Each structure stands twice: as C-alpha cells, then as structure tokens.
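Worth saying up front: this structure is predicted, and the values here are computed from it rather than measured. Heavy-atom basis, side chains included; hydrogens, waters and symmetry copies ignored. Quick note: residue numbers are just sequence positions, from 1.
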Amino acid sequence: MTIQHRTVDIEAAAKLWKEDLSASQIAKRFGVSRNVIVGLAFRNRGLFPWRGDAGKKSRAPGQAKTSRPRKPELRREPEIPATAYDAERLQSAKLFHHLSAGECCWPLNTGGPYLFCAAETTGRYCRNHHARSLPKISRVNE
C-alpha cells in the first residue's frame, strides 16, 4: 500500500501519528520511506501535532557542560613609531588603490584613510622602510 497525497491517506497517517506511532512505524504500514511521512507531517502541521523533543535523546542530569572553550586572545602587533622620514613622505603619500607597481606600500598613519609612502622602489618598500621592517639583531661581544 503506497501513500498518496489524498486526504484519506493523509488523515490515516495523522491518526497513527496521534496514536504516538513513530514516522518509521507509519512508513512501514504504508510501504514508504520515513521521509515521506516526515514530509507529510511538515506540510500538514494542523493534522500532525508537534510532539516536542520526545524522540530525542536527552542528557542525564549532571552531564551539562559547565565551561566554554576560551577564544584565543589576539595579540596586537607593536606599533612602529613614525620618524621624520615618514612626516616628510606624507606630502606625497597616496591611498592604497592609487599605488602602482614600484611604489613603497609602507603605511604612514594609523587611522583611516590609510596613506602609503609611494616612494620609488624595486620591491615592496623603499630602502628606508625596508630597513625598518627587518628585526633588529643584537650583537653581543663580537
């Protein structure tokens, strides 16, 4: 017996649903898959009353999680202080989308809109900013 979307079949399935048969048990009686019955129940909510979370597994008392995993703290990069060179370059600074290949892309200010050095270079940064971008190597008793 296959279920059709006729009122008679939907009402018969709803009656079995109200008798607390599971969707799988109703599906076996009609010779269809469980998903067909779940779909019928979803589309005809007036005939298939909500059962709540009765079929779901619940935790035993005392098993609730008490602590949440902590989000890792993001470390801020240390700000590199501006120099006299940076102040000098502000006069010819450009916005990022105005930079072309061969111009230094070192940011000169900390708040937007960000302005960039734009000095001529063969890499990402001009000589001055390239030197500032490298870590300082401390030499101990050579």
**Student:** By side chain to side chain donor-acceptor pair (under 3.5 Å), which residues pair with Arg132, not counting sequence neighbours?
**Tutor:** Thr83, Asp86
**Student:** According to a 4.5 Å side-chain heavy-atom criterion applied to Ile, Leu, Val, Met, Phe, Trp and Tyr, with indirect links allowed, do Leu40 and Val32 form part of one hydrophobic cluster?
**Tutor:** yes
**Student:** Under 30°, 30 to 60°, or over 60°: which ring-plane class applies to His129 and Trp106, parallel, tilted or perpendicular?
**Tutor:**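 Correct class here is parallel.
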**Student:** What about Ile10 and Ile37, same hydrophobic cluster or not, with Ile/Leu/Val/Met/Phe/Trp/Tyr joined at side-chain heavy-atom distances under 4.5 Å?
**Tutor:** yes
**Student:** Please examine the side chains of Phe48 and Arg45, heavy atoms only from C-beta on, and report whether any two atoms are closer than 4.5 Å.
**Tutor:**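 The answer is no; the side chains never approach within 4.5 Å.
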**Student:** How far apart are the closest heavy atoms of Trp17 and Ala23, and which atoms are they?
**Tutor:**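 Residues Trp17 and Ala23, closest heavy atoms: CZ3-CB, 4.3 Å.
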**Student:** Run His130 and Thr121 through side chain to side chain contact (heavy atoms under 4.5 Å, CB included) and show every step you take.
**Tutor:** CA-CA 10 Å; His130 180 72; Thr121 182; over 6 Å; no
**Student:** The test is side chain to side chain contact (heavy atoms under 4.5 Å, CB included); show your working for Glu19 and Leu16 and say whether it passes.
**Tutor:** CA-CA 5 Å; Glu19 292 174 4; Leu16 295 172; 3.9 Å; yes
**Student:** For His98 and Glu103, which heavy atoms make the closest approach, and how far apart are they?
**Tutor:**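 That would be O-OE1, 4.1 Å.
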**Student:** Kindly give the heavy-atom pair with the smallest separation between Pro113 and Leu95, and that separation in Å.
**Tutor:** CB-CD2, 3.9 Å
**Student:** Holding to side chain to side chain donor-acceptor pair (under 3.5 Å), I want the full list of residues that pass it with Lys18, two or more places apart in sequence or in another chain.
**Tutor:**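 Lys18 satisfies side chain to side chain donor-acceptor pair (under 3.5 Å) with no residue once adjacent residues are dropped.
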**Student:** With distance as the sole criterion, is a donor-acceptor pair present between the side chains of Arg89 and Ser92 under 3.5 Å?
**Tutor:** yes
**Student:** First locate atom OG of Ser24, then atom CZ of Arg29, and finally report the distance between them rounded to the nearest 0.5 Å.
**Tutor:**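 If we round to the nearest 0.5 Å, Ser24:OG and Arg29:CZ are 13.0 Å apart.
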**Student:** Restricting to side chain to side chain donor-acceptor pair (under 3.5 Å), what partner residues turn up for Ser133, sequence neighbours left out?
**Tutor:**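 For Ser133 there are no side chain to side chain donor-acceptor pair (under 3.5 Å) partners, ignoring immediate neighbours.
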**Student:** Closest heavy-atom contact between Tyr85 and Cys126?
**Tutor:** OH-SG, 3.5 Å
**Student:** If we only count heavy atoms from C-beta on, is the Phe116 to Cys104 side-chain gap below 4.5 Å?
**Tutor:**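 No, too far: nothing below the 4.5 Å cut-off.
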**Student:** So how far is it from Cys105 SG to Lys94 NZ, rounded to the nearest 0.5 Å?
**Tutor:** 12.5 Å
**Student:** Is there a path of hydrophobic side-chain contacts, each under 4.5 Å between heavy atoms of I, L, V, M, F, W or Y residues, that connects Tyr125 with Leu99?
**Tutor:**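 The answer is no; the residues belong to distinct hydrophobic clusters.
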